[in-house]
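All figures in this text were calculated on a predicted structure; none of them were measured in a lab. Reminder, nothing fancy here: chain letters follow the sequence lines and each chain counts from 1.
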Amino acid sequence: MIAKVIVDVPSRQTDRPFDYEVPAAFADWIEVGSRVGVPFGGRVLQGFVTELADTSDFDSKRLKPIAELLDHVPPLLPDLIELAKWMSEKYCCSWTTALQAMIPGALKGKAERLVCIQDAESASEDLPLAMTEWMGSQLVKLDVLLERFPEYAKSVKSALREGVLVEHTKVRDRLAIRKVLTVYLPDDVGKVRTQLAALPARAGKQREVLAFMLERGEPMVLQQLLAEAGGSAASVRSLAEKGLLELREVEQQRDPYAGREFDRTMPLALTEGQNEVYDRIIRAVDAGEPKTMLLHGVTGSGKTEVYLQSIQFCLEQEKQAIVLVPEISLTPQMVERFKGRFGDAVAVLHSRLSNGERYDEWRKIRSRQVQVAIGARSAIFAPFERIGLIIIDEEHESSYKQEESPKYHARDVAVRRARQHGAAVVLGSATPSLESFAAASRPLTAKDEGREPALLPMPVRVGGRPLPPVTVIDMREELKEGNRSMFSRLLHSSLADRLERGEQSVLLLNRRGYSTFVMCRSCGYTAACPHCDISLTYHQKSRALRCHYCGHAEQAPATCPSCQSEHIRYFGTGTQRVEEELSKLFPGIRVIRMDVDTTTEKNSHEKLLKQFGDRKADVLLGTQMVAKGLDFPYVTLVGVIAADTSLNLPDFRAAERTFQLLTQVAGRAGRHHLPGEVVIQTYVPEHYAVVTAQQHDYAAFVSEELRHRSAMGYPPYCRLILVTMSHEQLPLLSTVSEGFASELREIAENEGVLISLSSGFGRALEVLGPVASPISRIKDRYRFQCVIKYRGSIDASALVRKALLPFTGGPPQRLVQFSIDVDPQVIL
DNA sequence: AGCACGCCGACT
DNA sequence: GTCGGCGTGCTC
C-alpha cells in the first residue's frame, strides 16, 4: 500500500503529496487524515496522509517507508483534507499551511534529533570517557548532549560522520499531557482497616486521611483529598510508605469549566417572529442539503434562543453543530447559555485556553463525546463527522478573517464545509456585512428556482421593548459654547443621573485614531520607528516607545530630540485619559477599564465583566470589546465618546464599521425592564453612518452605502485580492512588482477577462498598481502593493498563482516576498 | 524549510 | 594541498 503524504514544509516546491510505502504494521491503522512521521531529505518530518493508493507514479523501488504513525485516531478526516486543498487554492497558501490551521497547537509536532552509540569500541577511542559513560546505550537528545559537552561539538560531529554515533529523528508533539498525583487504596482493604487501628495516636492526621479514603472507597486526586479531609501531603506520603495508600500519576483531561455548575435552562417559548425563522432553519437542517441563510435580527431580538433551539433540533437528528462567535464576544455569558442548555455536550474553544486545555476540548469533539462546538474562527474546523448546522453569530465581524496565512474567512470556509456535509449555515447579525446582505437579497436566478430566499428577518425585539432613543451630540457646537471637556453636557448630566439612581453606564472609546503617540508641541516632531514607516507607540507602564510592527523599543526622551524643547507630550492610552477625566468630574466614581492593558492576563476579561455584572462598578469603559454581546440588566446609558475616529480612516469599509459599532453598542442599553438611552458624540453628525445608526435604520444605511460602493467600484460590486510585495532594496522591489503586475495583466488578457470594471456587466478584472503600501516600510523592508478587482465567475486566485510562478525561483538574497490576501478586510 | 553537493579563497 | 564560504537544487 502507498500513502500520499503532505509534508510539513511550507514552500512552493514541496507543496504536493509525496509517496511512501505503508509498513505492514501500520496498514490497518493508517487512514486519510492520519498524522505520520516520514523521512524527508535526511530527517523525519510530520505529515498528513491525503490519499491511500495501490500504486505509485514514483519509482516504487525508491519509495521510503513511513517511519511513525503519530496517533491511533487520525486527527483529521477526509473532508478536512479536501477542505484544506480548497483553501490552499482559494487563499494562495500551501496545503500544509491550511492543514496546520485545522489542528490544535499541541499536535504541531516538531522533529527531534536523537543520537546513540553505534560502535562502542571506536567511541571509547574518539570520545571522552565522561560522555560515553553518560550516554550508555541510550538514545540521547542531540541538543542536550551538545549542551552538556559543548567543547566536544567537533568530535560529536565527526563521530556522526564516521558512524561511531548514529542519529535518529522522531516527531515529538508539543504536548504536555497533564498528570496529577492521585491517591489509591491498596487492593487489600481489609488489611488497611486493621492497620488503621494500629496507627499511633499522635499520627492523628494520618488516621483522618485514611479513614476518609476508606469511607470514600474510590481513588481521589491528592490536592482534592487534602482540601476535603485536611492533612498535608507529608501525611499521605508517609501512609504511602507504609503501604496503606498508593500514589500514582494519572493522566488528566483538563476541563476549563470543571467544577462549575451551569444552571440548566429550558427552551423558552418563541415569539411569532422567532418561530418563523426557527421553522425555516430546521427545515433546512432536516433537508440535509447545503443552504446558507442570513438571519438579520435587531439587537435584542432573541437570536441566541433561536440558535439554541435550532441546535437542539439538529442534535435530535443525530447531527452535530458548530457555533462561531467573535473572540471578543465569547464571554462567560455566552458560554453559560450554551452550557446551560446542552451541558456536557458542548466543547468550548477560545484563544484564552492553554495549549493543553484547547487540545482536551478538541479531543472531546474528535472522540464524539460532544455534539456542539462553540468557538472563535478556527472552530470551523471542529472534526465532527456529520455536521447538520453551522451558526456564525455577528457574521459581519472582521475577526472571522485570519490575518496570517492561511488568510481565510471563516464565513466562506463554513459555506464550503457545509456543502461537504449537506449542512445549513446561519449567518446572524443585527448589522450584516454588505457582502452577505447583497448575496442574500440577490434576485433568484433560474438555478435557485423553487428555493426559498435566504434572508430571514427578525425586526422586532423580544417583549416588544423599543430600541433605545439615540441622541447625537455635535461636539463642534459644544466647543463653540465653551465646553472643552471630552464629555458633552448631555453625557455629563446623564452620567450624573445614573450615579444618583444607582444604574450603570457603558462608555465606548472608539480607539482607532485615539492611540498613543508622542508629539513635540514646539516643532511638531513625532517619534517614528527607524525600521518601519510608522510612528512609535507610547507605553505608560514601561515609559518606553515601541513599534507595533517590528518590536523596536527605545527610552522615551525627556526633551524633543529634534529641537530640544521640553514641550514634548506623551499621550497615554485613550481609555486612561477618559478614566482620569471621569474621576476628576465624579469623585468616587467606580470605573472598570477594559482595554488591551487590563485584559492581557488570563481570565481578566471574565473577571472584569463579572465585577461589572455584580454591580461593583458604575461605569464600564472600554474599546470595541465593550460593544459586543454584553447583556447587563442595569445598564441604562451607553455613551460613545467619539464616533468619528473610525470614520476618518481612508478604508472603503470605514462607514460600514462605524455604523456597525454604533448600532451594536446602542443595543447594549435597556435590554431588560429599565429603559435605556444612548448618547453619541461626534464631529460629523450629518454623516449618513451616524444618522442612520441614530435612527436604527439598517436599510437606509445599506442603500446609501451601496451607492458609494457602486460608484467607487468596491465590494459587493466586485471582489478584491491584495498582493503585497516586500524587499530591502527599493529599486529591485520596484522592478519585480512591475514585472508581476504586467505578468498578471498578460495572463488575464489571454483569458479574455482584462476588462475595465466600469464597462457594464459580465466578467471583468483589473490590476491596480503597483504603488507603495500605506505602511511603506516594515522591518527595513520596503513594501509595494497591487490591488486586483474582479467580478463575475473568474478564478482570480488561480490567475494570481500562475502570475507568481516566474518570481518564485532565483537567487535567495534577491527574493522578493509576496503576500497574497484574498478578500482583504482592509486595503486603506 | 533544511541539507547536501559543488566550485573558489585563506590557512596548516 | 585542505577547510570552509554559501550558491543551487532536491526531498517520495
Please list, in numerical order, the residues of residues 24-37 of chain A that have a heavy atom closer than 4.0 Å to any atom of DNA chain C.
none
Does anything in residues 71-112 of chain A form a ring-ring contact (aromatic ring centres under 6.0 Å, His included)? List the pairs, not counting sequence neighbours.
A/Trp29-A/His72
For A/Glu82, all residues meeting salt bridge (charged side-chain N to carboxylate O under 4.0 Å, His left out), sequence neighbours excluded
A/Arg416
Would you mind classifying the nucleic acid contact of A/Pro17 as base, sugar-phosphate or nothing, using non-hydrogen atoms under 4.0 angstrom?
nothing
Can you list every pair that meets salt bridge (Lys or Arg N to Asp or Glu O under 4.0 Å) and has a residue in residues 818-828 of chain A, with sequence neighbours left out?
A/Lys90-A/Asp823, A/Lys401-A/Asp821, A/Arg719-A/Asp823
Residues of residues 57-64 of chain A with a heavy atom under 4.0 Å from any atom of DNA chain C, listed by number, are A/Phe58, A/Arg62, A/Leu63, A/Lys64
Check this for me: does any side-chain nitrogen of one of A/Lys4 and A/Glu51 sit under 4.0 Å from a carboxylate oxygen of the other?
no
So the salt bridge (Lys or Arg N to Asp or Glu O under 4.0 Å) pairs with at least one residue in residues 20-36 of chain A (sequence neighbours excluded) are A/Arg35-A/Asp71, A/Arg35-A/Asp173
Rounded to whole angstrom units, what separation is found between the CG atom of A/Leu815 and the P atom of C/dT8?
11 Å
Which pairs, protein N/O on one side and nucleotides 1-4 of chain B N/O on the other, fall under 3.5 Å?
from: B/dG2; atom 1: OP1; to: A/Arg43; atom 2: NH1; distance (Å): 3.4

Per the salt bridge (Lys or Arg N to Asp or Glu O under 4.0 Å) rule, what does the pair list look like for residues 53-62 of chain A, sequence neighbours excluded?
none
Set of residues satisfying side-chain hydrogen bond (donor to acceptor under 3.5 Å, both in side chains) with respect to A/Lys170, sequence neighbours excluded
none
Check the distance between C/dC10's P and A/Asp15's CG and give it to me in whole angstrom.
17 Å
Residues in side-chain hydrogen bond (donor to acceptor under 3.5 Å, both in side chains) with A/Arg386, at least two apart?
none
Distance-only check: which donor-acceptor pairs under 3.5 Å involve side-chain atoms of residues 129-142 of chain A, not counting sequence neighbours?
from: A/Thr132; atom 1: OG1; to: A/Leu129; atom 2: O; distance (Å): 2.9

Which salt bridge (Lys or Arg N to Asp or Glu O under 4.0 Å) pairs, counting each pair once, include a residue from residues 793-807 of chain A, with sequence neighbours left out?
none
Rounded to the nearest Å, what distance is computed from the CZ atom of residue A/Arg16 to the P atom of nucleotide C/dC12?
10 Å
